[in-house]
Novice: 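The structure's right below; bear with me while I get my questions together.
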Amino acid sequence: MRFAPSPTGYLHVGGLRTALYNYLFAKKNNGKFVLRIEDTDRNRLVEGAVEKLIETLKWVGLDYDEGPDKPGDVGPYTQSQRLDLYKKYAEKLIADGNAYYAFDTPERLQELRDYQYKNKLQPKYDKLALKLSKEEIEEKLANGEPHVVRLNVRSGEKIKLNDIIRGQVEFETDIIDDQILIKSDGFPTYHLANVVDDYLMGITHVIRGEEWLSSTPKHILLYKYLGWELPEFAHLPLLLNPDRSKLSKRQGDVAVEDYRAKGYLKEALINFVALLGWSTSDNREIFEMNELIEEFSLERVHKAGAIFNIEKLNWLNAEHLRKKPAEELLSMLKEEFKNSKYADSIPDDDYLLLIIEAMRERVSFVREYIEKCPYFYERPTGYDEAVIKKRWKDDSQELLREYVGRLKRIENPQKEDYEKILVEIAEEREIGKGRLIHPLRLAVSGVGIGPGVYDLLFILGKDEVINRIETALTKISK
RNA sequence: GGCCCUAUGGUGUAACUGGUUAACACAUCACCCUUUCAAGGUGGAGAGUACGGGUUCGAGUCCCGUUGGGGUCACCA
């Protein structure tokens with residue numbers, strides 16, 4: 001198996017899914033997963049793209065057995081380092097009459113296309129170069145005339161493809177163009193390079209996006225002309241924008257790096273992307289990587305394109321986040337703190353651990369451990385007006401004073417103590433606990449929502465609670 | 001436009017080789033729980049399976065046609 005991206009700067013989520021399916025299939029079948037860099041387009045090279053790609057792949061946990069930075073049996077893994085190989089096979093194709101040199105100028109090709117377009121003809125190369133005599137070719141080559149190598153497609157044949165996902169697909173060779181195999185700069189095109197490499201690297205299953213389906217017959221022809229056995233093909237459905245067009249940058253984030261930066265967990269991203277076009281018969285939703293490996297099968301990949309629905313990703317993120325052990329959340333949270341406004345005063349571990357448990361069911365992202373409960377890290381800067389209006393009663397002042405009074409008498413109060421004194425007051429005065437709970441929460445946190453009050457009070461601690469209530473008593477009025 | 005792929009609620013999917021009122025999850029709404037907010041639980045609304053024919057006792061599942069969507073037609077991958 002292999003994942004063969006071109007280094008254009010970032011890893012597209014569609015690419016992530018392709019990589020994932022390849023990875024899962026390889027792991028499931030005890031095969032190898034190879035990373036190959038397809039950098040044969042010199043015009044689109046992006047500085048540092050390969051490193052970035054590798055880093056991202058590493059982050060999501062798709063480790064490959066062999067790749068540019070992980071030498072193995074079938075290297076090199078970067079196409080620009082395999083040029084002689086492509087040349088060798090191109091020459092073999094030419095020698096066998098299955099490919100040929102062509103010397104057409106871009107202008108002539110453009111004119112040809114314009115003519116064909118105007119006359120509603122199939123746009124294809126007209127095989128003009130095939131009329132050249134052997135001597136003419138020799139001479140042009142000797143003169144160093146710019147040239148390409150084209151695939152010689154005979155018309156009137158049928159190419160049958162048995163796609164694992166789509167079943168049998170047929171193409172007429174008449175509509176297949178004499179694809180350029182070697183460009184005039186000496187680099188191969190994707191078609192040649194990918195076939196040569198897949199064969200030489202022993203790739204048994206080609207799993208790639210559906211956008212490759214229509215050029216597959218060209219690849220099949222190459223295998224045939226080279227006398228090589230065909231690999232299995234599986235063309236994955238595309239990932240779509242909400243308007244059903246191909247997933248693009250214009251309508252949101254498409255780079256894995258973007259989602260990482262936004263705080264999505266790799267577990268959630270992997271889980272989500274796995275479910276875009278694949279499912280188990282019981283419709284299970286939550287998977288860890290090892291479970292995906294266990295369950296995955298190409299036969300259960302859906303055929304139609306899938307819309308990238310961010311709401312479900314958010315839900316999955318919350319699910320995976322909640323599953324994490326406290327220790328792991330702690331280190332992630334501390335990392336998050338470094339980039340927050342509290343970077344200079346990061347609370348100690350014990351304190352954060354309490355918050356983690358109190359907030360666990362209330363957050364979907366790590367950063368929300370900070371954003372959703374700033375009152376754990378600083379005193380309220382104000383009090384929610386709507387909550388004051390709704391919860392602050394005539395007796396609130398007095399009740400809170402009473403609460404503070406009793407709290408002061410307790411040495412080292414535990415969570416139960418905070419509850420006990422509240423219940424006592426409520427019972428003695430024959431009022432509902434809510435009469436106390438809501439003003440208390442407001443006084444101490446400034447807002448009307450959050451973890452259970454007793455948790456809240458206990459975490460803040462006796463001194464802080466007393467201090468905050470006293471401050472609130474001077475500030476809240478109605 | 002040619003060729004190819006494709007079509008189940010708003011979204012992602014399920015429904016063994018055709019056989020009960022088309023299931024699950026996300027989102028949405030209501031209720032319960034917790035005197036908060038979440039999480040959790042329960043229930044509701046939401047598709048008669050793009051449309052039209054046909055085969056069959058019976059079709060989301062098979063066949064034909066139509067329509068919609070997508071991909072591809074580069075010296076890009």
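In what follows, chains are A, B, ... by sequence order, proteins preceding strands, each numbered from 1. Computed from heavy atoms alone, side chains included, the values below leave out hydrogens, waters and symmetry copies.
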Novice: Assert yes or no for the condition that the ring centre distance of A:W278 to A:F296 is strictly below 6.0 Å.
Specialist: yes
Novice: Side chain of A:S281 only, heavy atoms from C-beta on: which candidate in B:C75, B:C76, B:A15 is closest?
Specialist: B:A15
Novice: Hey, does A:F171 reach any base, or is it just sugar-phosphate, or nothing, if we go heavy atoms under 4.0 Å?
Specialist: sugar-phosphate
Novice: What do you reckon, are the aromatic ring centroids of A:Y190 and A:H219 less than 6.0 Å apart?
Specialist: yes
Novice: Taking only heavy atoms on the protein side, list every residue of residues 301-311 of chain A lying under 4.0 Å from any atom of RNA chain B, sorted numerically.
Specialist: A:H302, A:K303, A:A304, A:A306, A:I307, A:N309, A:E311
Novice: Minimum heavy-atom separation for A:F365 and A:K262, please, with both atom names.
Specialist: CD2-O, 4.1 Å
Novice: Hey, does the side chain of A:R244 come within less than 4.0 Å of B:G12's phosphate (OP1/OP2), counting only N and O?
Specialist: yes
Novice: Remember a base hit wins even if backbone is also touched, and classify A:R44 as base, sugar-phosphate or nothing at under 4.0 Å, heavy atoms.
Specialist: base
Novice: Nearest to the side chain of A:L109, heavy atoms from C-beta on, is which of B:C75, B:C3, B:U72?
Specialist: B:C75
Novice: Please give the distance between the P atoms of B:C16 and B:U34 as a whole number of Å.
Specialist: 43 Å
Novice: To the nearest Å, how far apart are A:L240 CG and B:G12 P?
Specialist: 8 Å
Novice: Can you check the A:D178 CG to B:A74 C1' distance for me, whole Å?
Specialist: 14 Å
Novice: Kindly indicate whether a cation-pi arrangement holds for A:R284 with A:F287, taking the cut-offs as under 6.0 Å to the six-membered ring centre and within 45° of the axis.
Specialist: yes
Novice: Given the side-chain rings of A:F33 and A:Y23, with only the six-membered ring counted for Trp, is the space between their centroids under 6.0 Å?
Specialist: yes
Novice: Just to be sure I understand the rule, does A:T40 reach a base, reach only the sugar-phosphate, or reach nothing, if contact means heavy atoms closer than 4.0 Å?
Specialist: sugar-phosphate
Novice: Which part of the nucleic acid, if any, lies within reach of A:K246 when heavy atoms closer than 4.0 Å are counted: base, sugar-phosphate only, or nothing?
Specialist: sugar-phosphate
Novice: Can you tell me which stems RNA chain B forms when a stem means 3 or more consecutive Watson-Crick or G-U pairs under 3.5 Å?
Specialist: B:1-7 with B:67-73, B:10-13 with B:23-26, B:28-32 with B:40-44, B:50-54 with B:62-66
Novice: What is the distance, to the nearest angstrom, from the CD1 atom on A:I182 to the C1' atom on B:A74?
Specialist: 16 Å
Novice: Can you say whether a donor on the side chain of A:S214 sits under 3.5 Å from an acceptor on the base of B:C4, or the other way round?
Specialist: no
Novice: Select from A:I449 and A:L313 the residue whose nearest nucleotide in RNA chain B is closer to the 5' end of that strand.
Specialist: A:L313
Novice: Over how many whole Å does the gap from A:E368 atom CD to B:A38 atom P extend?
Specialist: 12 Å
Novice: May I ask you to say what A:R300 touches in the nucleic acid, namely base, sugar-phosphate or nothing, with a heavy-atom cut-off under 4.0 Å?
Specialist: sugar-phosphate
Novice: Determine the contact category for A:R284: base if any of its heavy atoms lies under 4.0 Å from a base atom, sugar-phosphate if only primed atoms, P, OP1 or OP2 are that close, otherwise nothing.
Specialist: nothing
Novice: Let's go through A:N152 and A:Y225 carefully: what are the C-alpha distance in whole Å and the side-chain angles of both, what is the deciding distance for side-chain hydrogen bond (donor to acceptor under 3.5 Å, both in side chains) to 0.1 Å, and is it a yes or a no?
Specialist: CA-CA 10 Å; A:N152 190 8; A:Y225 291 160; over 6 Å; no
Novice: Could you state the atom-to-atom distance from CD of A:E210 to C1' of B:U72 in whole Å?
Specialist: 10 Å
Novice: If each of A:P188 and A:P451 is mapped to the nucleotide of RNA chain B with the nearest heavy atom, which maps nearer the 5' terminus, i.e. the 5' end?
Specialist: A:P451
Novice: Given atom CG of A:N119 and atom C1' of B:G2, what is their separation to the nearest angstrom?
Specialist: 15 Å
Novice: Select one nucleotide: of B:A77, B:U35, B:G70, the one nearest the side-chain heavy atoms of A:S245.
Specialist: B:G70
Novice: Would you mind writing out the side-chain donor-acceptor pairs for residues 435-445 of chain A within the sub-3.5 Å range, not counting sequence neighbours?
Specialist:
{"unit_1": "A:R435", "atom_1": "NE", "unit_2": "A:D395", "atom_2": "OD1", "d": "3.3"}
{"unit_1": "A:R435", "atom_1": "NE", "unit_2": "A:D395", "atom_2": "OD2", "d": "3.1"}
{"unit_1": "A:R435", "atom_1": "NH2", "unit_2": "A:D395", "atom_2": "OD2", "d": "3.4"}
{"unit_1": "A:H438", "atom_1": "NE2", "unit_2": "A:R391", "atom_2": "NH1", "d": "3.4"}
{"unit_1": "A:R441", "atom_1": "NH1", "unit_2": "A:P451", "atom_2": "O", "d": "2.9"}
{"unit_1": "A:R441", "atom_1": "NH2", "unit_2": "A:P451", "atom_2": "O", "d": "2.9"}
{"unit_1": "A:S445", "atom_1": "OG", "unit_2": "A:R441", "atom_2": "O", "d": "2.8"}
{"unit_1": "A:S445", "atom_1": "OG", "unit_2": "A:V447", "atom_2": "N", "d": "3.2"}
{"unit_1": "A:S445", "atom_1": "OG", "unit_2": "A:V447", "atom_2": "O", "d": "3.1"}

Novice: Identify which one of A:P7, A:P68, A:P5 satisfies the side-chain contact (heavy atoms from CB on, under 4.5 Å) criterion when paired with A:D39.
Specialist: A:P7
Novice: For A:H235, run the side chain to side chain donor-acceptor pair (under 3.5 Å) check against A:K303, A:R208, A:R166, A:E211 and tell me which one passes.
Specialist: A:R208
Novice: Would you classify A:G452 as touching base, sugar-phosphate or nothing, given that sugar-phosphate means primed atoms plus P, OP1 and OP2, and contacts are heavy atoms under 4.0 Å?
Specialist: base
Novice: Please determine whether a side-chain nitrogen or oxygen atom of A:R441 lies at a distance below 4.0 Å from atom OP1 or OP2 of B:U34.
Specialist: no
Novice: Look at the side chain of A:E361 and decide which nucleotide, out of B:A38, B:U72, B:C3, has an atom nearest to it.
Specialist: B:A38
Novice: Scan A:L276 against the nucleic acid and name what it touches under 4.0 Å (heavy atoms): base, sugar-phosphate only, or nothing.
Specialist: sugar-phosphate
Novice: Can the ring centroids of A:Y259 and A:F308 be said to lie less than 6.0 angstrom from one another?
Specialist: yes
Novice: Between C1' on B:U11 and CG on A:L247, what's the gap in Å once rounded to a whole number?
Specialist: 14 Å
Novice: Which nucleotide sits closest to the side chain of A:V169: B:C4, B:A23, B:A77?
Specialist: B:C4
Novice: Mind checking if A:P237 touches a base, just sugar-phosphate, or nothing, with heavy atoms under 4.0 Å?
Specialist: nothing
Novice: When we call it a touch if two heavy atoms are under 4.0 Å apart, what does A:S279 touch: a base, just sugar-phosphate, or nothing?
Specialist: sugar-phosphate
Novice: Do any side-chain nitrogens or oxygens of A:K183 fall under 4.0 Å of OP1 or OP2 in B:C76?
Specialist: yes
Novice: Once you apply a heavy-atom cut-off of 4.0 Å, does A:D104 come out as touching a base, just sugar-phosphate, or nothing?
Specialist: base
Novice: Which heavy atom of A:Y21 sits nearest to which heavy atom of A:A274, and what is that distance?
Specialist: OH-O, 2.8 Å
Novice: Would you state whether a donor and an acceptor, one from the side chain of A:E285 and one from the base of B:G12, lie under 3.5 Å apart?
Specialist: yes
Novice: Does the B:C37 base have a donor-acceptor partner in the side chain of A:R362 within less than 3.5 Å?
Specialist: yes
Novice: Applying a 4.0 Å non-hydrogen cut-off, can you work out what A:V148 is touching in the nucleic acid: base, sugar-phosphate, or nothing?
Specialist: base
Novice: Please determine whether a side-chain nitrogen or oxygen atom of A:K312 lies at a distance below 4.0 Å from atom OP1 or OP2 of B:G10.
Specialist: no
Novice: Examine the side chains of A:D455 and A:Y418 and answer whether a donor and an acceptor come within less than 3.5 Å of each other.
Specialist: no
Novice: For the C1' atoms, the ones on B:C29 and on B:G9, what distance do you get once it is rounded to whole angstrom?
Specialist: 16 Å
Novice: Between atom CD in A:Q122 and atom C1' in B:U72, what is the gap in whole Å?
Specialist: 11 Å
Novice: Looking across every strand, which nucleic acid part, if any, lies under 4.0 Å from A:E172 by heavy atom: base, sugar-phosphate, or nothing?
Specialist: nothing
Novice: Verify the neighbour count for atom NZ of A:K124: are there more than 12 heavy atoms of other residues, nucleotides or ligands below 6.0 Å?
Specialist: yes
